[in-house]
Amino acid sequence: MLKLRHTLLSNKLYFIILLIVVAISVPRLLVKENSILDTDTKELTGTITNFTFDGNCLTLDLKISRFENTKVTYYFKELSELLKIKKVLRLGDKISLTGNTKKPRERSVPNTFDYRHYLRIKHINYLFEGEKIVSLKRNNNIYYMLKNTIYNYINHFKSKSYIKMLLIGDTSEVNKEIIDSFRENGISHLFAISGTQVTLLAEIIIKSLKKMRCSEKLGYIMSNIFTFCYLFITNSPPAVLRAVLSFLLSSINKYNYFYISSVNIFLLTLAITLLINPFYIYDLGFLYSYIISFSLILCSKILDSSKKFKTLLLTSIISFLVSIPVSLYTFYQINVLSIIYNLFYVPFVNSILFPLAILTLIFPFLDNVLLIFIRVLETTSTAISTISLGKLIFSKTIFIIYIIYFLVLYLLYHTRKKIFIIAFAVLLIFHYNIVTIFPKDYITMIDIGQGDSILISSKGKNMLIDTGGKMRYKGAKWEEVSSPTNITDNITIPYLKSKGIRKLDYLVLTHGDYDHLGEAINILEKFRVDQIYINEGHINYYERAIIKKYNTNILK
């Protein structure tokens, strides 16, 4: 045992383990996965691992082999069919489908969301458009039976959408505008299940067993069993996997007196996570979770203060600084005020909303109380998301710049010299002004799928000609989706931000057809526009709405 302890105290051991895992992971990332599907596939059989209903659309995650999944969309033609399927569909059911298989669409606009790559991370190579569903076998798996029981129980609550988000990590039922406001305010990380929630759940079990006069060791064993069950119920997102593995390794470390440092436990956790699934490195939750956690471990001595507010403020600042490179690379934007926002939202979510969601499951009469706090969250988040002060847009730049950000932060931590604070500030200022320092003239025809949209940038001026707009035909109430897809949020706005565009000098709307100006209001709400040009002649409903709201900017 002494020899084992001595070996485990070697820092080199953990770096060697991590390097070996990285060496194993790289080929796994590069090798193209073989698929049992192709575009000629008309029939499909698999097990349901997740599903959502939205209007007349059913979306299924289907496990079709040990190493491959697919995403199925199925549109109901009759309300009676929807109600029938909704009543009987369960996780774990084996079903057969007929329909059409297609390859996920490649990203046609650079610097926007790459759906094909996102699906590849989830081992999905093809999409399936279902035309007929046949149930083959009802679920008899204990794991899925437990998940179905939990989901059915949660669905009885008015606050079910937030209970699912806070406790299971499922954001599918939360309003998209609210989710967007979380991201705009820099607080979306609070709603991804993380180490804080897992630790809280573990502590509840340990303290409960302690009051029952059970040994502390039994408390840790039971809490580890529970957290692993929780991991599988939440579909093992990287942040939860990190927290559960870290808690397990820390428990083993404590009760065997190995005295392994927190940094080495972190490295071992990272190695195990990548060994389980190397594709996690592409997951945003993984990046934020590991980068922020590692930084807080390194800065633990700085954070070790009896003053809670000081600790919270320093935690918020450190978390913000180390997440800057990831945020800029992914969203091309940071919100400096998120440091202040997190001073309120971190304790509000972790100390009020999350515990209250747990208590609501135990004491259902608290459902209305939870709704009150949810309204506070939504109202405040929506309100402050409209504040433009503090929101800084940075253009997409070469990858080495994002690495330099991390390098400067590491040197700041290692040396504690003010010169690196100045260096970080200079790098931010340079990055922010890179489009001014190295101006480019260009014309981009933005592929928006329906209609036209053209961006012209010249001599520091930016003109957008038309916005596009996806026509939505009004159907029955039951057919309406809760969050219709938005062209500008998914394509145009991210692309404009990636080019470092912070305002539009001109928005030209060539005519009033919806597929040319349908997204104009959304653009005007997200970007400052100096002048709006509309065509002379007959003004239709859409043009009148724009004139009414932005009359001072309108030119004909």
Side-chain angles (χ1 to χ4, degrees), residues 29-30 32-35 37-39 41 44 46 49-55 57-64 67-75 97 99-130 169-174 176-177 179-180 183 188 192 235 237-238 277-288 326-327 329-333 396 444-451 453 467-470 472 481-499 519 522:
L29 291 170
L30 296 177
K32 188 177 180 180
E33 294 178 328
N34 292 321
S35 176
L37 303 178
D38 57 42
T39 51
T41 304
L44 194 63
T49 58
N50 194 24
F51 65 87
T52 54
F53 290 92
D54 191 6
C57 180
L58 167 63
T59 304
L60 296 163
D61 288 343
L62 211 63
K63 192 169 189 62
I64 56 174
F67 300 107
E68 187 175 6
N69 307 305
T70 190
K71 191 171 284 290
V72 177
T73 53
Y74 182 84
Y75 289 92
L97 298 118
N100 297 297
T101 305
K102 66 176 184 178
K103 197 79 175 170
R105 187 182 177 190
E106 284 189 279
R107 178 175 61 182
S108 57
V109 179
N111 307 331
T112 57
F113 179 63
D114 191 340
Y115 187 53
R116 179 179 284 192
H117 182 67
Y118 167 79
L119 291 175
R120 183 171 176 262
I121 296 168
K122 297 178 177 293
H123 306 289
I124 296 174
N125 301 300
Y126 288 90
L127 302 175
F128 195 81
E129 296 175 340
D170 181 1
T171 61
S172 61
E173 294 185 30
V174 180
K176 185 180 178 296
E177 291 181 5
I179 296 292
D180 288 343
R183 188 173 64 248
S188 57
N235 294 323
N277 188 353
F279 287 92
Y280 279 151
I281 64 166
Y282 297 117
D283 186 276
L284 196 57
F286 171 90
L287 294 174
Y288 278 130
V326 178
S327 298
Y329 183 79
T330 309
F331 301 117
Y332 323 114
Q333 177 178 301
K396 185 77 172 279
T444 305
M445 296 190 70
I446 304 173
D447 182 3
I448 51 173
Q450 184 173 342
S453 188
T467 64
K470 188 176 181 180
R472 298 184 183 96
V481 297
S482 58
S483 301
T485 54
N486 189 301
I487 294 170
T488 47
D489 282 345
N490 295 329
I491 298 175
T492 312
I493 291 173
Y495 179 72
L496 293 178
K497 287 181 179 180
S498 76
K499 304 302 286 187
E519 299 281 350
N522 197 33

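We number each residue from 1, following the sequence as shown.
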Return yes if some donor-acceptor pair links the side-chain N/O of Thr488 with the main-chain N/O of Asn522 below 3.5 Å, else return no. no
Output the distance between atom CG (Leu119) and atom CG (Asn69), rounded to the nearest 0.5 Å. 10.5 Å
Does Asn34 CG have over 12 foreign heavy atoms under 6.0 Å away? no
Indicate yes or no: at least one non-hydrogen side-chain atom of Tyr115 is less than 4.5 angstrom from one of Asn490. no
SB check Asp489 Lys176 (cutoff 4.0 Å): yes
Heavy atoms from other residues, nucleotides or ligands near OH of Tyr75 exceed 12 (cutoff 6.0 Å): no
Side chain to side chain contact (heavy atoms under 4.5 Å, CB included) between Tyr329 and Leu287, intermediate numbers included: CA-CA 12 Å; Tyr329 183 79; Leu287 294 174; over 6 Å; no
To the nearest 0.5 Å, what is the distance between CD1 (Ile446) and OG1 (Thr467)? 10.0 Å
Between Thr70 and Tyr126 the two heavy atoms that sit nearest each other are OG1-O, 2.6 Å
Yes or no on side chain to side chain contact (heavy atoms under 4.5 Å, CB included) for Phe67 and His123, after CA distance, side-chain angles and deciding distance? CA-CA 7 Å; Phe67 300 107; His123 306 289; over 6 Å; no
Got a second to check how far Thr52's OG1 is from Leu60's CG, nearest 0.5 Å? 8.0 Å
CD (Glu33) with more than 12 external heavy atoms under 6.0 Å: yes
Closest non-hydrogen atoms of Thr39 and Lys103, given as atom of the first, atom of the second and distance, are CG2-N, 4.5 Å
Before giving the answer on side chain to side chain contact (heavy atoms under 4.5 Å, CB included), spell out for Asn125 and Leu37 the whole-Å C-alpha distance, their side-chain angles and the decisive distance to 0.1 Å. CA-CA 8 Å; Asn125 301 300; Leu37 303 178; over 6 Å; no
Under 3.5 Å, is there a donor-acceptor pair linking the side chains of Tyr288 and Ser327? yes
Return the OG1 to CZ distance between Thr59 and Phe51, rounded to the nearest 0.5 Å. 11.5 Å
Do other residues, nucleotides or ligands put more than 12 heavy atoms under 6.0 Å from Lys122 NZ? no
Taking the side chain as every heavy atom from C-beta outward, state whether Leu44 and Ile64 have any pair of such atoms under 4.5 Å apart. yes
Would you say that Asp283 contacts Asn277 through its side chain, given a criterion of any heavy-atom pair below 4.5 Å between the two side chains? no
Within 45° cone of Phe128 ring axis and under 6.0 Å: Lys71 NZ or CZ: no
Any sub-3.5 Å donor-acceptor pair from Asp180's side-chain atoms to Arg183's backbone N or O? no
CZ/Arg120 to CG/Asp114 distance, rounded to the nearest 0.5 angstrom? 10.5 Å
I need the minimum non-hydrogen distance between Pro110 and Tyr495, along with the two atoms involved. O-CD1, 3.4 Å
Identify the heavy atoms of Gly130 and Val72 that sit nearest to each other, and give their distance. N-CG1, 4.2 Å
Give the minimum heavy-atom separation between Val109 and Thr112, together with the two atoms involved. O-OG1, 2.5 Å
Straight-line distance of Leu127 CG to Thr101 OG1, nearest 0.5 Å: 9.0 Å
Ser498 and Asn111: which non-hydrogen atoms are nearest, and at how many Å? OG-ND2, 3.0 Å
Beyond-backbone contact of Ile448 with Thr492, side-chain heavy atoms, under 4.5 angstrom: yes
Angle class for the Phe279/Tyr282 ring planes (parallel below 30°, perpendicular above 60°, tilted otherwise)? tilted
